[in-house]
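Comments concern the structure below.
Letters A, B, ... are given to chains in the order of the sequence lines, protein chains preceding strands, and every chain is numbered from 1.
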Number of protein chains: 2
Amino acid sequence: MMTHAINAIQFKHGVCLQCASRDSLLCAGLGDELLPHLCSRSVQKHLKKGETLFYEGDAANSVFNIKEGVMRIVRLGEDGRRQVLAFLGHGDYLGHTNKTNFTYSAEALTDVELCQFQRSSIESLSQKIPEFDKQFYKLTACLIDDMTDLLFMIGRKNALERVASFLMGMSDKLKKNGSNRCDELWLPMSRIDIADYLGLTLETVSRSISRLKKDGLINVTHAHYITINDHEALGALSRG
Amino acid sequence: MMTHAINAIQFKHGVCLQCASRDSLLCAGLGDELLPHLCSRSVQKHLKKGETLFYEGDAANSVFNIKEGVMRIVRLGEDGRRQVLAFLGHGDYLGHTNKTNFTYSAEALTDVELCQFQRSSIESLSQKIPEFDKQFYKLTACLIDDMTDLLFMIGRKNALERVASFLMGMSDKLKKNGSNRCDELWLPMSRIDIADYLGLTLETVSRSISRLKKDGLINVTHAHYITINDHEALGALSRG
DNA sequence: CGAGCAATTGATATAAATCAAGTTCGGTGG
DNA sequence: CCACCGAACTTGATTTATATCAATTGCTCG
């Protein structure tokens, strides 16, 4: 029995050591020697495209780190109005709330790999792993920074600027993750998802994309594959 | 010299022990015996109405806890477009970012009292004060919850619903802080501030308030003093 | 008391929503 | 492999909510 338990932890430690997200998530601040402390508290989860991780209203007992894939975070109004709060992917932290139940759902837009932690263990993890603090600060801060940008965008930018901002944001994310082809975008989400993210309708999103295409700022090789022709100009437009 | 230093810490500890925000900020999780550890890292700040705590672009080396008063958090676009990201007051945490420079300014709408901490000490405070974790989790989570609500509001609600949501939010804050007169609102901010918070123009805010008044949901005794007549109906309207 | 700013209210313009066809894409079965 | 179907997307016509422009009123403070 004892041996079994130790093997299990060593196995998980191995998973974490080789993880593609080793340098970007809650584990990033920890040296290899401390990794098992965090690993032993995590559960690895796999979602197929289209599956839901949790629904609005579910008990908020877990938080998650996304290792791979893209998730859609959605808030639904009583009458069906829908706001996409974020598209999250590699390196993003999900589920941080003070409420007892989630006020949004999380759905997989692609196959997704993630680590699940008990909220209670995250709330006091630094007591066991002091090095954990800094990375936790960083992940929550990134979340807040992104939401700040989104608030400004939805509150004060027009349709064309919002779509430009969205595309630039997708490009920035690629760059952040070390891609050298950050102008070749893959958009796994539908036009409705983009519209609900930007506070627009799908028709307006579609028209804005067509406009950017007509003006030569982007190329639309396929509805879900867009290349940025003029990164500079698209950036300027996104800033207003 | 030695005596002087000890007295200074004891004095600050005294300030913290008697603080009106003792139960709601970063210090809330700590017993009186641990309080000096946090106190010794804080600087007490006082702002007069109209003063700016920091500007967009300033180095983001500090975070703050607001003990008293109301602050306006503002993001400015290159061409002057303005988005109020939050109105913060008693019990709120301010300045949490992963960026090296603030992307928003913080201005006092009233006289304000706050505690300032070095970001570097917050990033690793749990190493010294394990009990600190839980409260830090809570404050960052509240921030994210509020921004989530605001995103849904700006992205998917119409003007009247936004203004209703804003008023309900002000009422909720009073209730959270223990007021038994949560329907008697004092609005220290201007109509422009409200408009820039809700992603509207001041005229639309003014018209919406007039409409709520005409429909009997609220009373406007003064531009900055509003009472909610029908809490239930205003809540229903705010939810859409 | 009056100057100047904040707020309200009204008239008009406009960006985006809504309504309505078409078109393309992706999958399925013959 | 191709034809068909439905879903996703694009494009066009019209409506509408809110912005913009403009005038008036009300407050605040010197």
Side-chain angles (χ1 to χ4, degrees), chain A residues 49-50 72 77 79-84 107 109-110 153-167 185-215 218-226 237 240, chain B residues 48-50 72 77 79-84 109-110 153-167 185-215 218-226 237 240:
Chain A
K49 174 176 170 169
R72 184 216 286 148
D79 58 354
R81 274 180 277 190
R82 184 171 176 270
Q83 175 69 37
V84 172
E107 301 147 43
L109 283 174
T110 67
M153 177 170 81
I154 298 186
R156 287 297 176 225
K157 290 183 186 172
N158 67 30
L160 200 64
E161 290 165 350
R162 290 185 210 188
V163 171
S165 298
F166 168 71
L167 295 174
L185 307 179
W186 169 50
L187 310 177
M189 66 290 289
S190 71
R191 294 288 189 263
I192 297 183
D193 289 336
I194 298 174
D196 286 344
Y197 178 64
L198 300 177
L200 300 168
T201 59
L202 72 145
E203 293 95 330
T204 300
V205 168
S206 184
R207 272 186 256 271
S208 299
I209 289 175
S210 297
R211 179 66 195 278
L212 293 174
K213 186 170 118 193
K214 204 185 107 218
D215 292 353
I218 62 173
N219 256 39
V220 184
T221 54
H222 173 101
H224 294 273
Y225 293 89
I226 287 180
L237 178 59
Chain B
K48 289 256 171 265
K49 173 175 170 172
R72 184 216 286 149
D79 58 354
R81 273 180 278 190
R82 185 172 175 271
Q83 176 69 37
V84 172
L109 283 174
T110 67
M153 178 170 81
I154 297 185
R156 287 297 176 223
K157 290 183 185 171
N158 67 29
L160 201 64
E161 290 164 351
R162 289 186 212 188
V163 171
S165 298
F166 168 71
L167 295 173
L185 307 179
W186 170 49
L187 309 178
M189 65 291 288
S190 70
R191 294 290 188 265
I192 297 183
D193 288 336
I194 299 173
D196 286 344
Y197 178 66
L198 299 176
L200 299 169
T201 59
L202 71 143
E203 293 95 331
T204 301
V205 169
S206 185
R207 273 186 254 271
S208 299
I209 289 175
S210 297
R211 178 67 195 278
L212 292 174
K213 186 169 118 191
K214 203 185 107 214
D215 292 352
I218 62 173
N219 256 37
V220 185
T221 55
H222 173 101
H224 294 273
Y225 293 89
I226 287 180
L237 177 60

Does a side-chain N or O of His222(B) approach OP1 or OP2 of dT28(D) to a distance below 4.0 Å, or not? yes
Distance criterion of 3.5 Å, no angle test: do you see the side chain of Arg211(A) paired donor-to-acceptor with the base of dT11(D)? no
Can you work out whether Lys213(A) or Arg156(A) has the more 5'-proximal nearest nucleotide on DNA chain D? Lys213(A)
In this structure, how many angstroms lie between the P atom of dT11(D) and the CG atom of Leu212(A), rounded? 12 Å
Atom-to-atom span, CD1 of Ile192(A) to P of dA17(C) - whole angstrom: 13 Å
Would you indicate, yes or no, if dA6(C) has its OP1 or OP2 atom less than 4.0 angstrom from a side-chain nitrogen or oxygen of His224(B)? no
Per Arg207(B) side chain, nearest of listed nucleotides dA16(C), dA11(C), dG12(D): dA11(C)
With sugar-phosphate meaning primed atoms plus P, OP1 and OP2, does Thr201(A) contact a base, only sugar-phosphate, or nothing at under 4.0 Å between heavy atoms? base
Can you check whether Thr221(B) reaches Ile226(B) side chain to side chain, under 4.5 Å on heavy atoms? no
Nearest whole angstrom, please: distance from the P of dA17(C) to the CZ of Arg162(A). 8 Å
Looking only at side-chain atoms of Ala223(B), point me to the closest of dT18(D), dA7(C), dA16(C). dA7(C)
Side-chain donor or acceptor of Arg156(A) paired with backbone N/O of Gln83(B) under 3.5 Å: no
With sugar-phosphate meaning primed atoms plus P, OP1 and OP2, does Ser210(B) contact a base, only sugar-phosphate, or nothing at under 4.0 Å between heavy atoms? sugar-phosphate
Decide, yes or no, whether a salt bridge links Glu161(A) with Arg81(B) under the criterion of side-chain N to carboxylate O below 4.0 Å. yes
Is there a side-chain contact between Thr201(A) and Ile192(A) (heavy atoms, below 4.5 Å)? no
Measure CD/Glu203(A) against C1'/dT11(D) and give the value in whole Å, please. 10 Å
dA16(C) phosphate, OP1 or OP2: any side-chain N/O from Thr204(A) under 4.0 angstrom? no
Which is true for Ile209(A) with a 4.0 Å heavy-atom rule: it touches a base, it touches only sugar-phosphate, or it touches nothing? nothing
Are Arg82(A) and Asp193(A) close enough for a salt bridge, meaning some N to O gap below 4.0 Å? yes
Would you mind telling me which residue lines up with the more 5' stretch of DNA chain C, Asn158(A) or Thr221(A), judged by nearest nucleotide? Asn158(A)
OP1 or OP2 of dT8(C) under 4.0 Å from side-chain N/O of Arg191(B): yes
